[in-house]
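Down below is the structure, laid out as structure tokens.
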Amino acid sequence: MSDAGASPLVQVRGLKMHFPIYAGIFRRHVGDIKAVDDISLDIRESETLGLVGESGCGKSTAGRAVLRLYDITGGSITVDGTDISDIDKEKLRHLRPKMQMIFQDPQASLNPRMTVAGIIGEPLVEHMSLSRAERLERVYELMDAVGLNRSFANRYPHEFSGGQRQRIGIARALALHPKFIVCDEPIAALDVSIQAQVVNLLEDLQEQFGLTYLFISHDLSMVRHIADRVAVMYLGKIVELAPRDELYGAPLHPYTQALLSAVPEPDPVRESQRKHIILTGDVPSPSNAPVGCNFCTRCPRAEQICHEIEPEFRQVDKGRYTACHFVGDTAIKTAEPTVGETVKP
Amino acid sequence: MLNYSIRRLLLAIPTLIAISLIIFLLLDLAPSDPTANLPLTIPPEVREKIRQSLGLGDPIYIRYLLWCKQFFVNEPLNILEQWFGWGSGDRLRVLSWQTRSPVVDLIVERMPQTLWVVGMSYVVGVLIALPIGIISAYRQYSWFDQIGTFVSMVGFSVPTFFTGVLVIVIFSVWLGWFPSIYDTTHQVTDWESFLFQVRQMIMPVAVLALFNAAQISRFMRASMLDNLNQDYVRTARAKGLRERTVVMIHVLRNSLIPVVTVIALGVPQIFGGAIITEQVFKVNGLGQLLIISIQGGDLPTVQTLTFIFAVLIIVFNLVADVLYGILDPRIRYD
Amino acid sequence: MSEDGAAVLDVKDLRTVFETAQGAIHAVNSVSFDLRPGELLGVVGESGSGKSVTMMSLIGLLGTTAATVDGAHVNFDGMDLLRVTEDELRAVRGAGIGFVFQDPMTSLNPVFTVGFQLMEPLRNHMGMTTREARQRAVELLELVGIADAEKRLSDYPHQFSGGMRQRVMIAMALSCDPKVLIADEPTTALDVTIQAQILELMKELRHKLGMAIVWITHDLGVIAGIADRVMVMYGGQIVELAPVIELFKNPQHPYTRALLQTVPSVRGSRAERLRVIQGQPPILFSPPQRCSYSARCNHAFDRCLAADPARISVGDGHDVACFWDPETGEPR
Amino acid sequence: MTDVTPDSLAAARPPQSQWRNVWDQFKTHRGAVWGMGFFIFVVLAVTLGPYIWTIDAQYIDIRARNSGPTLAHPLGTDQLGRDTLARVLEGGQVSMAVGITAMLLALVLGAAIGVVAGYFKRLDGPLMRLTDLFLALPLLPLLLVIIMLFRDTLRAAFGPETGIFMLIVFVIGITSWMQTARIVRGDVLALKEREFVIASRSIGTPSRRMILRHILPNVLSPITVSATLGIANAIITESALSFLGLGFPSDFPTWGRLLFDSTDYLQQYPERVLWPGLAISLTVLSVNYIGDGLRDALDPRIRGR
Amino acid sequence: AERGSDGEVKIIYWQAPSTMNPYLSGGTKELEAASLVVEPLARYDQDGNMVPWLAESVPTVDNGGVSADLTTINWKLKEGLLWSDGSPVTSADVVFTWKYCADPAGGCAQSEKYNDVTDVKAVDDLTVTVTFGVPKPFPYGPFVGAQAPIIQAAQFADCLGAKAPECTDANFGPMGTGPFRVTEFRPNDVISFEANPNYRDPDKPAFATVTFKGGGDTASAGRSVLETGEFDYAWNMQLAPDVLGAMEAAGKGTVVSAFGTLVERIMINLTDPSPALGDARSTKAHPHPFLSDPAVRQALSMAIDRALLVEIGYGAAGKPSCNVLPAPAIYKSTANDGCLVQDIEGAKKLLDDAGWVPGGDGIRAKDGVRLSILYQTSTNAVRQDFQALIKQWWSEIGVETELRNIDASVFFGGDPGSPDTFQKFFADVEMYANNFDGTDPEAYMANWECKQAPTPETQWQGNNMPRYCSEEYDALVAKMAQTGKLEERAELAKAMNDKLMQEYIMLPLVDRGRVSAHSNTLGGVVLNVWDSELWNVADWYRTKTQ
Ligand SMILES: Nc1ncnc2c1ncn2[C@@H]1O[C@H](COP(=O)(O)OP(=O)(O)OP(=O)(O)O)[C@@H](O)[C@H]1O
Ligand SMILES: Nc1ncnc2c1ncn2[C@@H]1O[C@H](COP(=O)(O)OP(=O)(O)OP(=O)(O)O)[C@@H](O)[C@H]1O
Ligand SMILES: [Mg+2]
Ligand SMILES: [Mg+2]
């Protein structure tokens with residue numbers, strides 16, 4: 001699946017993460033919650049891959065599985081040339097500095113009983129043998145990098161605002177000079193006016209340190225802003241993966257189309273003229289996914305075939321992948337970046 | 001739910017077997033002796049003979065297996081036979097060393113007073129505790145709450161052997177209102193005798209109820225406090241419901257969920273936990289049976305009683321869980 | 001302020017103060033607005049700007065907390081809600097003014113069936129029998145688009161998905177045909193596709209039932225799609241109030257302008273860099289004596305620090321509370 | 001300039017340790033402060049008291065027996081003429097020591113088992129079965145049996161008082177850890193899914209340090225509450241044992257024993273039950289209030305505001 | 001009075017009877033409860049005199065009832081005796097009673113009573129002959145006293161030997177000849193009786209029913225009789241004298257007491273209990289390092305103020321005692337009464353003279369042996385008070401004491417596995433009370449024969465706790481066994497008592513009486529320490545004055 005050009009930093013092939021369900025008198029294994037079910041993707045060095053989808057579709061699970069925070073059910077993950085899919089704990093521990101994570105809820109992801117210096121310094125304690133003073137110096141550097149006042153070092157998380165807390169989380173992720181960071185909805189819990197601050201910071205840091213992001217979010221507009229390529233997930237599977245402008249300009253998969261259409265436009269004039277695709281029904285449970293195409297229960301275009309055969313996730317154009325029976329090689333509309341022109345301020 | 005209950009019951013079997021074995025071994029190791037309470041005038045040879053006649057000469061595993069057989073096979077068969085009237089019931093039952101009579105009969109005989117007094121005190125305790133807990137929480141930090149807290153903590157911290165004697169001195173000795181000694185043979189046949197039953201129950205029930213109410217009202221209060229700030233309470237108010245409806249229906253039902261399980265878990269204590277109060281008022285229920293059996297080294301009785309308590313604890317644990325599941329539709333055990 | 005005909009809800013100079021251990025918090029400061037029949041008034045503002053507290057103050061939902069609500073008047077249906085008895089106020093809640101809350105997951109009582117909770121206000125306010133109430137409950141569920149309504153009445157909230165729960169909340173708020181529906185961030189917790197469903201539903205219902213709606217949100221996109229007029233709140237005050245198209249086209253207050261610029265869009269142009277509003281929202285330990293936005297405002301000048309700007313009209317139904325004129329870039 | 005932003009607010013305050021915060025919050029709970037004051041008073045009284053009030057608790061002043069409060073015996077004497085004040089002080093030493101040590105034992109056991117069961121999935125099943133087993137054992141009978149069983153061995157090994165002290169502490173401890181273990185396990189299970197624990201895992205923190213650094217400090221609040229309840233519970237259990245004729249040698253004063261001995265004299269010398277009775281209930285009460293205060297103080301939802 | 005005319009009488013025993021069969025439990029509470037129903041051939045009255053009960057008369061050598069060689073005794077039943085079910089009492093029942101208790105598999109608690117009985121024969125319907133294997137100067141063991149009542153052969157026929165415990169119905173409701181019969185028996189709780197319709201005296205008993213409640217504690221039992229008046233009779237009021245006095249002052253009841261042979265005493269270990277000795281601990285192989293010195297033992301005795309002990313612990317229910325054999329009157333020695341007065345100075349001087357001089361810590365020592373005593377007893381409030389007092393007195397004469405109290409069930413339990421039994425005596429001194437049944441001290445005094453000393457070889461069985469061993473004493477015991485004449489027997493018993501006392505083998509403290517309480521409306525109570533307290537319950541009545 002690798003595209004020409006830079007070789008991918010992260011390569012995920014057929015990743016599966018199933019949570020077993022036990023039931024009955026003897027707690028037998030009766031099924032699985034297929035939180036992530038066979039996804040493949042590449043993330044190139046220094047790019048941002050956006051991962052979007054509705055709540056519960058498996059984004060966080062995918063993000064955590066990629067970092068091997070779970071023992072995965074199947075598939076392979078290669079990060080920076082090392083296959084980490086079933087590497088042992090100790091080796092994995094030594095690889096941790098390369099890959100880090102930023103979490104959704106800045107309040108929940110910081111231990112309320114540790115000081116900021118303690119939190120940011122924790123990775124340093126684990127992986128570097130620095131003296132106390134050196135460590136503090138490094139903590140201060142990191143705080144500078146994320147725009148936190150050094151005098152905050154001895155405070156506790158609850159004494160900060162949401163945006164500041166997220167900066168602490170980012171500083172912690174940066175502490176070990178990682179190459180790859182999974183950002184699991186880093187802005188979802190923040191107020192609109194603060195979201196922008198954090199996104200800007202992430203962009204600056206990427207530029208400064210050449211970071212690679214897997215940016216998970218359900219905020220499509222934010223993803224459009226930050227990501228280079230975007231993957232859309234639905235019920236444990238990736239249904240579409242494409243460069244940003246192509247995806248937003250001309251979504252191929254019916255789900256992507258509906259998703260984009262559902263995002264309201266902050267412009268009353270345009271909003272009133274826009275056509276909406278309203279999906280009916282709810283997302284099925286991942287423990288009991290429909291036969292055939294996962295999306296068939298809600299898809300406005302679903303036909304018989306969709307209820308029988310699972311569509312293959314395949315390349316339909318250069319760098320564009322999708323899993324839909326109706327988006328054949330023939331049906332490709334060439335992406336026109338007409339709507340999504342980039343404007344530099 | 002059914003699956004869950006069955007699973008729990010199955011899991012309980014090894015636990016119970018382990019418990020019965022542990023109790024047996026412990027009791028056997030304990031240096032108590034069934035003949036110790038006999039007068040010193042009985043010479044050692046006679047004591048030894050008595051011991052032999054109690055079966056103490058056999059090795060421990062034989063005695064354990066014998067007990068198991070008697071308890072798990074013979075007793076149930078006997079009960080069945082009594083119900084259906086077949087058979088002679090002529091099996092060797094678990095015999096108490098002290099009274100030389102079947103332990104199960106002793107237990108059955110003591111059940112009524114235990115249930116009357118201890119059970120009633122539990123009911124009364126719960127009935128007092130719930131309103132106190134509710135009002136304390138609804139008016140948190142009001143004088144009612146402060147006094148309620150104080151009283152319930154005092155109730156919890158003063159041993160019943162003291163409160164018991166205190167109420168006896170006040171109400172039996174000084175005022176002469178209530179009998180100080182519980183008449184276990186009393187039969188309720190008419191209004192008169194019912195009044196007597198009430199009079200003789202008042203003091204032990206009150207003493208125990210105070211103790212029970214103290215604990216349960218604390219739980220109730222905490223649980224109410226948790227729920228009073230929930231979003232759905234605001235929803236209920238926004239619907240224009242009366243404050244009474246909001247609190248007594250919406251909040252109470254939710255708050256009762258954890259409390260009901262606490263209450264259910266307390267039930268086994270009814271049977272074994274009131275030892276001291278039973279002693280003070282001479283109610284002579286199961287608790288007193290247990291304590292004299294322990295003191296008298298009456299191994300079969302202690303073994304059987306403690307085992308039954310263990311069964312009760314396990315059963316009521318299960319009941320508590322099932323109640324939880326029934327009361328709280330969100331919980332599904334499978 | 002009411003222009004065409006009687007407003008259903010007329011709020012004047014509403015103030016709410018919380019007593020906390022740290023001191024009094026002036027969460028709502030002299031808020032005045034009106035709501036016309038059939039209108040949808042959008043309320044936007046960042047978190048903590050006092051949106052929810054304002055609305056809950058109106059109908060005494062802050063009751064048990066240590067809050068003092070005061071003001072000139074809150075006229076609804078011929079009464080001043082600030083001066084009626086608790087019983088009268090209760091009759092208004094649910095029956096006259098319906099409320100939909102933000103979090104559908106926790107706003108329904110988990111241990112009662114949806115049917116019971118739906119029928120409660122019906123029996124309470126409309127004096128219906130259980131059978132009538134049941135009938136009506138089924139209608140309501142059908143109205144909000146829940147299939148198989150009859151059967152689902154006996155389900156518990158946890159058996160519903162988030163979107164369905166929010167529909168139930170809406171049905172409940174609508175049950176007594178209120179004149180006013182206050183929806184406090186009803187879609188914030190939901191996914192975009194579900195949000196789209198709910199928005200569609202609201203548009204439809206509003207059409208059908210013709211009631212006035214107050215819609216609180218901090219998503220400008222939602223406002224753009226649904227509101228007639230928009231009220232922007234900051235620091236417990238209304239800083240701008242305008243018809244929706246006017247507001248988006250011609251924002252007057254620096255805060256509104258900044259707000260409109262911070263949000264990226266899925267369509268339209270993509271800015272290389274997002275605009276941010278620097279600084280933190282204020283904590284209001286005293287009533288404002290200066291412009292509460294002045295600390296974060298790019299255009300603040302000495303007058304902003306000396307006095308709290310009053311709300312002035314700058315056009316057809318367009319009010320703003322600011323000393324600075326964006327047209328000229330000068331103080332007014 | 002009246003509105004204050006959190007920034008300037010925070011800047012105005014010097015960095016505080018979290019214990020300082022806990023203490024600040026604790027101080028606002030009036031009951032807890034009184035409780036704490038009284039508890040400290042009791043601890044000081046029973047530890048230092050005997051140095052100030054130097055009459056030996058065992059000394060028999062037979063001529064002064066059954067005396068009411070006098071200058072020589074401010075709280076009166078018992079039926080052998082032993083000084084009640086001295087006995088209450090010495091009894092308090094034992095009762096408090098039993099309470100605190102038994103609580104510590106139960107706590108350490110409960111917390112350790114709870115944390116291990118919650119954190120290591122493999123051990124969860126066995127440890128929880130063990131907890132169930134202990135929960136299902138009927139307490140009082142077990143207590144009685146264990147005491148009868150091991151009293152003599154221990155007494156032989158450690159002398160009558162230490163031996164029985166160890167035994168009682170052990171018995172109370174071993175029979176009261178289960179609730180703590182269950183609560184802690186539940187909390188740990190929830191904590192394990194909390195993002196800061198996952199965050200720490202993503203850093204590569206090994207289990208041992210994970211537990212020490214992230215898990216334990218965060219289950220502190222339920223543990224503290226169990227601890228305060230545990231002290232009260234141990235004091236009460238000890239007095240119940242005295243009633244049943246087990247527990248410490250009968251000439252060895254503990255509050256429970258003093259109360260029990262004096263109930264016989266309830267009518268003749270009512271003041272005699274007063275002192276141990278008051279000592280027990282006020283101590284338990286104070287400990288309960290401390291627990292209440294601590295729960296509030298350790299709850300980040302309350303403190304974090 | 002007419003039978004049953006006085007309604008109900010309520011008796012409370014703070015220990016509850018567990019069975020109604022006196023042969024299956026030797027406990028006082030069981031014996032006394034049973035004594036309402038089953039009766040012996042003869043029993044003792046309040047003065048310790050033997051009175052015929054179911055028998056016509058008491059057989060003696062003089063009246064020919066006892067054979068000259070002292071090996072047989074002939075009992076003749078009264079005529080016309082009926083069991084409560086109406087069937088006649090015959091000599092077959094008497095024979096059966098012996099068979100029942102003599103069956104080795106039955107675990108009879110009273111088999112001591114039937115020691116040396118080789119045969120019991122029914123001569124005719126009303127006459128039985130008991131034959132002993134050895135001459136019995138005192139042949140009144142079998143069928144005499146509350147411990148050996150006659151049970152009905154018909155009822156217990158299937159309950160011999162190993163089956164004895166299984167006959168629950170019979171054990172709980174034995175047929176009897178006594179004034180009452182059981183209507184309901186709740187083990188360890190309450191027994192209901194009603195008047196026996198076939199009782200031999202048609203006017204008795206005066207009470208129609210008896211409620212016999214058990215359980216609780218002494219104080220509450222006393223309270224219920226003396227203060228609230230709920231009960232008519234309370235047994236064994238062993239309460240501190242001031243508590244009891246205060247209760248009696250309430251005016252509802254009366255405390256009665258009487259003295260028997262029960263003596264609270266300190267036993268002195270003449271052998272070395274040091275743990276270092278291992279198996280030879282507390283055996284004759286090693287004499288005690290300092291208690292083998294009579295001067296020390298005497299000093300210990302002199303330091304004790306017995307009168308004060310009585311005052312503190314027993315009040316009217318106790319007398320200071322200097323004899324281990326305090327009663328009946330003809331056995332009571334007066335030779336040792338000097339011990340009644342405490343003499344601390346004398347004790348000190350005695351020790352000084354014997355070379356035990358105080359060391360730096362005030363504890364006396366000689367040749368490196370310190371007078372440091374481990375003093376054990378059972379757990380019991382009064383005993384612990386005694387321990388505390390005596391410890392203080394001993395410390396005044398320079399003797400150090402460590403106290404230890406052991407749960408009664410262990411202390412008296414006789415478990416050879418436990419180190420804490422009173423028989424093992426792994427301490428320097430120990431305190432307990434003992435007495436003997438009936439009025440004849442022969443067996444009791446034989447307790448201190450040399451061969452009675454508990455040793456590992458005998459599984460620590462035996463009653464000679466001090467491990468006293470004196471040929472002279474053993475000779476006295478042997479002589480008594482041969483002597484039939486009462487006066488001579490009395491002299492021998494006194495001699496033995498004096499010998500024990502003067503060698504300070506044991507230090508008697510208190511002659512403990514029985515104390516009971518009865519309500520002021522209950523008449524006819526005659527406290528009897530030689531037999532069941534309820535021996536004359538048939539004569540009890542309600543006083544009409546109150
Ligand atoms: N530890 C777990 N055990 C069982 N099921 C799990 C576990 N973690 C996640 N799941 C399930 O897997 C599915 C995907 O969850 P995930 O958290 O990855 O969704 P998400 O896309 O991140 O959603 P959100 O936007 O709400 O964060 C959900 O149905 C969830 O219930
Ligand atoms: N019970 C209360 N006690 C003290 N202060 C409160 C209370 N409720 C709200 N406040 C304060 O009132 C102010 C306004 O809160 P409000 O909930 O109205 O904000 P909001 O605009 O609805 O924000 P959001 O978008 O987060 O819902 C906030 O500063 C908040 O801290
Ligand atoms: Mg997620
Ligand atoms: Mg809000």
Side-chain angles (χ1 to χ4, degrees), chain B residues 30-54 92-93 95-102 105-106 109-110 113 165 168-169 172-173 176 179-185 278-285 288-289 292-298, chain E residues 12 16 18-19 21 24-28 104-112 162 164-166 168 171-172 184 186-190 192 211 213-217 219-220 223-224 227-228 230-231 250 407-415 417-418 420 423 432 434-437 459 461-463:
Chain B
S32 65
D33 185 90
T35 65
N37 286 344
L38 300 183
L40 289 181
T41 46
I42 293 187
E45 315 84 73
V46 179
R47 278 170 204 273
E48 192 48 38
K49 237 170 64 190
I50 296 174
R51 271 190 214 112
Q52 292 301 332
S53 78
L54 295 173
L92 193 57
R93 305 177 61 185
L95 289 186
S96 148
W97 284 349
Q98 265 190 333
T99 68
R100 314 293 185 105
S101 70
D105 291 358
L106 293 180
E109 193 172 83
R110 274 143 189 280
Q113 48 264 40
V165 174
I168 286 183
V169 166
S172 302
V173 176
S180 69
I181 290 176
Y182 188 92
D183 181 359
T184 45
T185 54
E278 285 193 3
Q279 228 24 7
V280 170
F281 293 96
K282 281 141 296 270
V283 175
N284 295 353
Q288 187 250 12
L289 180 64
I292 52 175
S293 310
I294 290 178
Q295 284 167 349
D298 187 350
Chain E
I12 184 161
S18 59
T19 176
N21 185 342
L24 290 185
S25 165
T28 315
C108 176
Q110 312 298 348
S111 51
E112 167 85 341
E166 289 170 45
T168 308
N171 292 338
F172 284 0
E184 190 188 7
R186 293 168 175 247
N188 290 324
D189 179 15
V190 63
S192 307
T211 300
K213 173 88 179 178
D217 53 305
S220 60
R223 211 176 277 128
S224 68
E227 292 192 295
T228 68
E230 286 165 72
F231 278 75
D407 191 80
S409 66
V410 175
F411 190 59
F412 298 120
D415 176 2
S418 164
D420 283 333
Q423 286 134 325
Y432 60 91
N434 200 358
N435 68 334
F436 56 96
D437 282 333
Q459 305 303 309
Q461 303 294 357
N463 286 315

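Values reported hereafter were calculated over all heavy atoms of this structure, with side chains retained and with hydrogens, waters and symmetry mates removed.
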May I ask you to check whether E:E184 and B:T185 show a side-chain donor-acceptor distance below 3.5 Å?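 The answer is no; no qualifying pair exists.
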Is there a donor-acceptor pair under 3.5 Å between the side chain of B:N284 and the backbone N or O of E:G214?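 Pair found, side chain donor or acceptor close to backbone of E:G214.
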Using a 3.5 Å distance criterion without hydrogens, assess whether the side chain of E:K213 forms a donor-acceptor pair with backbone atoms of B:K282.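 Here the side-chain-to-backbone pair exists.
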For B:R110 against E:P187, the heavy-atom pair lying closest together: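 That closest heavy-atom pairing would be NH2-O, 2.8 Å.
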Applying side chain to side chain contact (heavy atoms under 4.5 Å, CB included) to E:E230 and B:S180, what does each step give before you reach the verdict? CA-CA 8 Å; E:E230 286 165 72; B:S180 69; 2.7 Å; yes
At a 4.5 Å cut-off on heavy atoms, which part of B:I181 comes close to chain E: side chain, backbone, both, or neither?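 B:I181 touches chain E through backbone and side-chain heavy atoms alike.
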Less than 4.5 Å to any heavy atom of chain E: does that hold for the side chain of B:Q288, its backbone, both, or neither?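 Just its side chain gets close to chain E.
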Between [atom1] of [X] and [atom2] of [Y], what distance do you get to the nearest 0.5 Å?
| X | Y | atom1 | atom2 | result |
| --- | --- | --- | --- | --- |
| E:R186 | B:T184 | CZ | OG1 | 5.0 Å |
| B:T99 | E:L24 | OG1 | CG | 10.0 Å |
| E:D189 | B:L106 | CG | CG | 10.5 Å |

Mind checking whether B:V169 and E:R223 have side chains closer than 4.5 Å, heavy atoms only?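 Yes, side chains in contact.
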Does the side chain of B:P102 come within less than 4.5 Å of E:T168's, by heavy atoms?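 E:T168 vs B:P102: side chains touch.
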Tell me, side chain or backbone of E:E112 under 4.5 Å from chain B's heavy atoms, or both, or neither?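 Both parts, backbone and side chain.
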